[in-house]
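Here's the structure we're looking at; comments come further down.
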Number of protein chains: 2
Amino acid sequence: MAHFPCAKEIDAKEVLKEKGLKSTPQRLAVLHVLHESTKYLSINNILDKTKEILPNTGLATIYRTLDVLADIGLISRVHFEDGCHTYAYSSDSHGHHIVCTKCNKIMDFAECPFEDYMENLSKRTGFKINNHFLQLFGECNECAGNAN
Amino acid sequence: MAHFPCAKEIDAKEVLKEKGLKSTPQRLAVLHVLHESTKYLSINNILDKTKEILPNTGLATIYRTLDVLADIGLISRVHFEDGCHTYAYSSDSHGHHIVCTKCNKIMDFAECPFEDYMENLSKRTGFKINNHFLQLFGECNECAGNAN
DNA sequence: CCTTAATTGAGAAACTTTCTCAATTATAAA
DNA sequence: TTTATAATTGAGAAAGTTTCTCAATTAAGG
């Protein structure tokens with residue numbers, strides 16, 4: 001088993017425990033793989049790299065583990081244009097959406113709060129920012145107003 | 001064929017033409033369906049509703065049409081947690097990511113420029129905002145610096 | 001050590017997306 | 001108008017992705 005250079009990887013055991021989840025080699029290995037990588041990894045990339053640590057790891061375990069780790073906040077879900085299962089109408093070509101997680105209502109809004117921020121972030125990261133994806137989740141006034 | 005109440009739907013013919021794409025009933029119908037809906041629609045929802053207008057529409061056409069419409073900016077891709085094909089390490093539990101579209105490098109950043117904006121938007125939309133998803137796309141300094 | 005409930009691997013099953021290709025159709029030019 | 005042509009479509013097959021099932025294993029607490 002690889003050693004874990006990062007505080008967060010060590011913490012992982014704590015976090016899992018807090019949530020009543022077991023700290024398995026598979027979970028720690030997947031976390032390690034993601035932490036080591038500076039690049040986008042497909043599910044199969046993650047499987048392959050995890051197998052370098054634990055050769056018997058199965059694909060289903062990768063799916064389950066990614067879900068668990070994302071749910072407890074140790075990793076993040078990343079959106080790619082082609083890993084996207086749904087679409088919505090946009091009244092503006094630079095439209096962002098806000099989605100009600102109770103009734104699935106979607107509302108789009110045109111303004112974008114980013115211009116200044118982009119400049120700043122661009123300088124600090126060295127990235128030339130071309131595009132962004134922003135989406136908000138919440139409860140619409142109907143769902144929030146009524147008890148459920 | 002349904003009539004199109006919205007300027008954007010009428011414009012669609014223009015936009016398609018500009019891009020050298022044909023203005024087909026299928027494309028206009030899908031756009032209409034998305035425009036009419038205030039809710040998240042799955043691919044099958046979109047197919048069903050489109051078939052109410054054009055009964056012979058095939059599933060492959062829906063996929064192709066959504067791609068085309070999104071590429072030319074008439075609709076937007078929408079992210080859902082379960083319509084997500086990839087994951088990345090986050091050094092902070094509120095981490096956002098910036099992705100290099102040339103080399104796939106991913107960098108995460110913890111700050112989030114939203115707090116004030118949320119408040120404001122919340123008031124105007126009536127949504128109680130619980131969560132958000134932000135991701136930036138661009139070129140990392142290596143890819144942007146070198147000609148390719 | 002035991003016990004027990006959670007987790008895993010393997011492959012099957014389900015589901016989603018893309019591809020192929022002949023038929024159709026929107027468009028522009030005659 | 002009509003015609004020519006290139007883009008688009010529908011249908012189903014193929015490919016790819018994700019989830020499920022279940023017996024075997026294992027982490028963790030007593």
Side-chain angles (χ1 to χ4, degrees), chain A residues 1 4 10 12-33 40-72 74 77-87, chain B residues 1 4 10 12-33 40-72 74 77-87:
Chain A
M1 187 83 226
F4 292 109
I10 295 164
K13 294 191 178 189
E14 281 302 309
V15 178
L16 287 163
K17 188 172 187 176
E18 269 170 32
K19 306 279 178 179
L21 297 165
K22 287 186 181 175
S23 187
T24 67
Q26 290 85 348
R27 286 168 178 171
L28 299 177
V30 168
L31 188 61
H32 180 73
V33 163
Y40 155 79
L41 298 175
S42 69
I43 293 287
N44 279 310
N45 292 157
I46 296 171
L47 176 62
D48 291 346
K49 284 174 182 290
T50 301
K51 280 185 160 175
E52 289 171 15
I53 303 174
L54 296 171
N56 293 326
T57 307
L59 181 57
T61 296
I62 299 295
Y63 280 103
R64 289 183 292 224
T65 299
L66 291 171
D67 260 0
V68 166
L69 295 177
D71 285 347
I72 64 181
L74 290 172
R77 297 183 165 94
V78 174
H79 171 83
F80 274 79
E81 293 287 88
D82 63 354
C84 166
H85 291 199
T86 192
Y87 297 80
Chain B
M1 186 80 225
F4 291 110
I10 295 166
K13 293 190 179 191
E14 281 302 308
V15 177
L16 287 164
K17 188 171 186 176
E18 270 171 31
K19 307 278 179 180
L21 298 164
K22 288 186 180 176
S23 187
T24 66
Q26 290 85 349
R27 284 168 180 173
L28 298 177
V30 169
L31 188 59
H32 180 74
V33 163
Y40 156 77
L41 298 175
S42 69
I43 293 287
N44 280 310
N45 292 158
I46 297 171
L47 176 63
D48 292 345
K49 285 175 180 288
T50 301
K51 279 184 161 174
E52 289 171 14
I53 305 173
L54 296 171
N56 292 326
T57 308
L59 180 58
T61 296
I62 300 295
Y63 279 103
R64 287 183 293 224
T65 298
L66 291 170
D67 259 0
V68 167
L69 295 177
D71 285 347
I72 66 181
L74 290 172
R77 296 182 166 93
V78 174
H79 171 84
F80 273 78
E81 294 287 88
D82 63 353
C84 166
H85 291 198
T86 192
Y87 298 79

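Letters go in sequence order (proteins before strands), and every chain restarts at 1.
- Summary of the strand contacts: B:Ala60 and B:Thr24 both lie near DNA chain C, and taking for each the nucleotide with the nearest heavy atom, the more 5' one is attributed to B:Ala60.
- Rounded to whole angstrom, the span from the CG atom of A:Leu28 across to the P atom of D:dT26 amounts to 15 Å.
- Close to D:dT9, at under 4.0 Å from its OP1 or OP2, lies no side-chain N or O of B:Thr61.
- Remark: C1' of D:dA27 and CG of A:Leu21 are 12 Å apart, rounded to the nearest angstrom.
- Atom CG of A:Asp67 is separated from atom C1' of C:dA6 by 16 Å (rounded to the nearest Å).
- Taking both residues in full, the closest heavy atoms of B:Thr57 and B:Lys51 are given as O-CE, 3.2 Å, listed atom of the first, atom of the second, then distance.
- Between the CG atom of A:Asn56 and the C1' atom of C:dT7 there is a distance of 15 Å, given to the nearest Å.
- In this structure, the nucleotide among D:dT18, C:dT18, C:dG9 sitting nearest to the side chain of A:Ile43 is D:dT18.
- Rounded to an integer number of Å, the gap from NZ of B:Lys51 to P of D:dT9 is 15 Å.
- To the nearest angstrom, C1' of C:dA5 lies 20 Å from NZ of A:Lys19.
- The phosphate of C:dT17 (OP1 or OP2) has a side-chain N or O of B:Tyr63 nearer than 4.0 angstrom.
- Atom-to-atom, NZ of A:Lys17 to C1' of C:dA6 comes out at 16 Å; the value is rounded to the nearest Å.
- Base engagement by B:Leu59 is indicated by at least one non-hydrogen atom pair under 4.0 Å involving a base atom.
- The 5' end of DNA chain C is approached more closely, in terms of each residue's nearest nucleotide, by A:Gly58 than by the other of A:Gly58 and B:Lys22.
- In this structure, A:Lys13 places its NZ atom 10 Å from P of D:dA27, rounding to the nearest Å.
- Atom CG in B:Leu47 sits 10.5 Å away from atom CD in B:Glu52 (nearest 0.5 Å).
- Look at A:Gln26 and you'll find a side-chain N or O under 4.0 angstrom from OP1 or OP2 of C:dG9.
- Taken from CG in A:Leu16 to OG1 in A:Thr24, the straight-line distance is 7.5 Å, to the nearest 0.5 Å.
- For the atom pair CG of B:Leu74 and OG1 of B:Thr65, the computed distance is 12.0 Å after rounding to the nearest 0.5 Å.
- In this structure, the separation between CD1 on B:Ile62 and CG on B:Asp67 is 12.0 Å, given to the nearest 0.5 Å.
- The phosphate of D:dT19 (OP1 or OP2) has no side-chain N or O of A:Arg64 nearer than 4.0 angstrom.
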